[in-house]
There are 2 protein chains.
Amino acid sequence: MTQNRDGAGTRAGDAYDAIRQAIRTGHFGPGERLRFSSLQALCGMSVTPVREALTRLTAEGFTVLDDHRGYSVARLSLAELRDITATRQLCEGEALRLAVMKGDADWEARVVAAHHLLARIPQGREGMPSVMREDWEARHGAFHAALISACGSPTLLEICGKLSLQADRYRRMSVSVSGAARDVLGEHRELLERALARDTDGAAEALREHYGRTAAMLANFFEP
Amino acid sequence: MTQNRDGAGTRAGDAYDAIRQAIRTGHFGPGERLRFSSLQALCGMSVTPVREALTRLTAEGFTVLDDHRGYSVARLSLAELRDITATRQLCEGEALRLAVMKGDADWEARVVAAHHLLARIPQGREGMPSVMREDWEARHGAFHAALISACGSPTLLEICGKLSLQADRYRRMSVSVSGAARDVLGEHRELLERALARDTDGAAEALREHYGRTAAMLANFFEP
DNA sequence: AAGTCAACGATTTTCGAAAATCCTTCGGAT
DNA sequence: ATCCGAAGGATTTTCGAAAATCGTTGACTT
C-alpha cells in the first residue's frame, strides 16, 4: 500500500521538489540547519530519499554539507550575487548569440509565445498576490529559456539552467525591495525585438544589461 | 568495528572516488549498466553509500539514471565532445583572461611551479607506463587549474572544473590514438609565456586553440 | 580559576531486510 | 500465428533500526 501513482517518479524526486520549494519560498532561510527529523516530517517519508534529495540539492548549490555535521541551506552574499551575475552574463550572453544566429522559425515562435505569456502580467514585483507572482516567475524563466533554446549546446543550456536556479534565490528577495524606476517590461520587449531582428550582438548586449540591472537592484539588500 | 580513520570522510565519499576511478580507467565502459550488487562488491559496503555516490556522479554527468531501471555509465559521443570543447573554450578562455588580468605574484609562482612539474614528463601520450601516465594527467590538470586560479570567480572555476572532468573521459581515449605530429609541450610553454607576459587575449586564444587541437585529435575515434 | 578528558545526548551515517517496480516468460484467446 | 495479460524473477527503492560521529556537559586535576 503506497501512494505512488502509476509510472511516476520516486520518493527521492518528490523530496527534492519539496525541499527545493521550501528553500525557494523561505520556509528554510539562508544558513539554516536542515535536520533530517524536520525534513522527514515535511516530506512524510523515511531518511533515505530525503538524504538523496539533499545530495542532489548540494550538487546544485542549494545546500551545503559538512561531513558528519549535516546539511544546511547555502548562504547568500553580495559577492556571490555578483559572481553568479557575471558568469550568467558570459554564458547566457553567448548562448543567446548562438541562438539568434542559428534559430529557425520554430524558435521564433517559441520566443514570441513565451513573451506573450509573460507580457500579460505587467510587473513581477511588489504588491502582487503571491500566486500571481509565482506565475510571473515561471513565465519569466520560460521566456529566458526560450530565448536561448536554439543555441545548439546542451552543455551550455544546462549551465545556464543551473545558474538561473541560483539567481532565482536572489531574485526572490525583491518582493520587498522598492521596484525603483525600472522598465522590466520594456527590457523584455527590447530583448524580443532584437532577437527576432537577428541583431546578434545587440541582443546579447541587451541581455547582459538586463542581468546587470537586476543584480544592481538586488545589491541593496546586502549593505544596509 | 569499522575501518574509518580518524576524522576522515564518509563511506559515501569513498564509494564516489572508487566508482569514478572505475569509470575513468574503463573498468566500466560507456553505456555499461551499473548494478548495485557489482558496486557493493567493488566498494565493500552496503547499498546506501553506493547510492549516494551514484547520485553525485549523475549530477556531474558521469552516470545516467533511468527511474526504477537503474544507473549506467554515460555514453560518449562526437557531438558531446564538440559541445564540451566549445563550452570549455568559452568558459575557460574567459577565466584565463580574467586571471591574466588580475593575477598577482603568487599566481605567477603557482603557474610556473605547475608548469615545471608538467614539463619534467615530456609527453603524456602513448608508450608510457600507466603509472607515469596517470601522473602526467594529474599534473596536466593541475597546470590548467593553476592558470585560471586567479580569475576571482568561484562559480566560473567550478564550471571549468566540472567541464574538465568531463573532458578527461574523452582525453583518456588517446592512449591508443597515434599521437600525430603535435607539440603539446610547446603549446603548454606558449600558454605559460603569454600568461606571464600578461598577453591577456593572446593567452586566451592560445588556450582555445589548445583545446581545439585536442578535440580534433580525439574526434578520429568516432568516425571509423 | 583554567584546562583536560571521559561520558552522555543529539544527529548523522550505514546496514540488512522489506516493499515496490520493471522486465521476461509463459499460457491462453482472437 | 499473433497479440494480450498474468505470474515469476531480478533489481531498484524505501524503511526502521543499529552503528558511528560530533558537540557538550561536568567532574577532576594542575
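All heavy atoms count here, side chains included; hydrogens, waters and symmetry mates do not. Every chain is numbered from 1 and lettered A, B, ... according to where its sequence line falls, protein lines coming before strand lines. This is a predicted model, so every value here is computed, not measured.
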ask   = What is the distance from CZ of A/Phe36 to P of C/dT13, rounded to the nearest Å?
value = 6 Å

ask   = Tell me, which of residues 47-55 of chain B have any heavy atom that sits under 4.0 Å from an atom in DNA chain D?
value = B/Val47, B/Arg51

key: Interatomic distance, A/Leu65 CG vs D/dT21 P [rounded to whole Å]   = 15 Å

ask   = Just wondering, do B/Thr63 and B/Phe28 contact through their side chains at under 4.5 Å, heavy atoms?
value = no

inquiry  = Is it the case that atom CZ in A/Arg82 sees more than 12 heavy atoms from other parts of the structure closer than 6.0 Å?
reply    = no

key: Under 4.0 angstrom between B/Arg33 side-chain N/O and D/dT11 OP1 or OP2   = no

task = Determine whether the side chains of B/Thr55 and A/Thr55 contain a donor N or O and an acceptor N or O closer than 3.5 Å.
result = no

key: Rounded interatomic separation in angstrom, taking CE from B/Met45 and C1' from D/dA19   = 15 Å

inquiry  = Can you measure A/Leu34 atom CG to C/dT13 atom P for me and round it to whole angstrom units?
reply    = 12 Å

message = Would you say A/Arg35 places a side-chain N or O within less than 4.0 Å of OP1 or OP2 belonging to C/dT11?
response = yes

query = Rounded to the Å, how far apart are B/Gln40 CD and C/dC15 C1'?
reply = 10 Å

key: Counterpart residues, side-chain contact (heavy atoms from CB on, under 4.5 Å), relative to B/Glu60 (two or more places apart)   = B/Tyr16, B/Phe62, B/Lys162, B/Leu165

ask   = If we ignore angles and hydrogens, is there a donor and acceptor under 3.5 Å between the side chains of B/Asp67 and A/Thr10?
value = no

query = Hey, is the side chain of B/Arg69 poking within less than 4.0 Å of OP1 or OP2 on D/dT13, counting only N and O atoms?
reply = no

inquiry  = Measure CG/B/Asp66 against P/D/dT11 and give the value in whole Å, please.
reply    = 16 Å

query = Side-chain donor-acceptor pair under 3.5 Å between A/Ser149 and A/Arg110, yes or no?
reply = yes

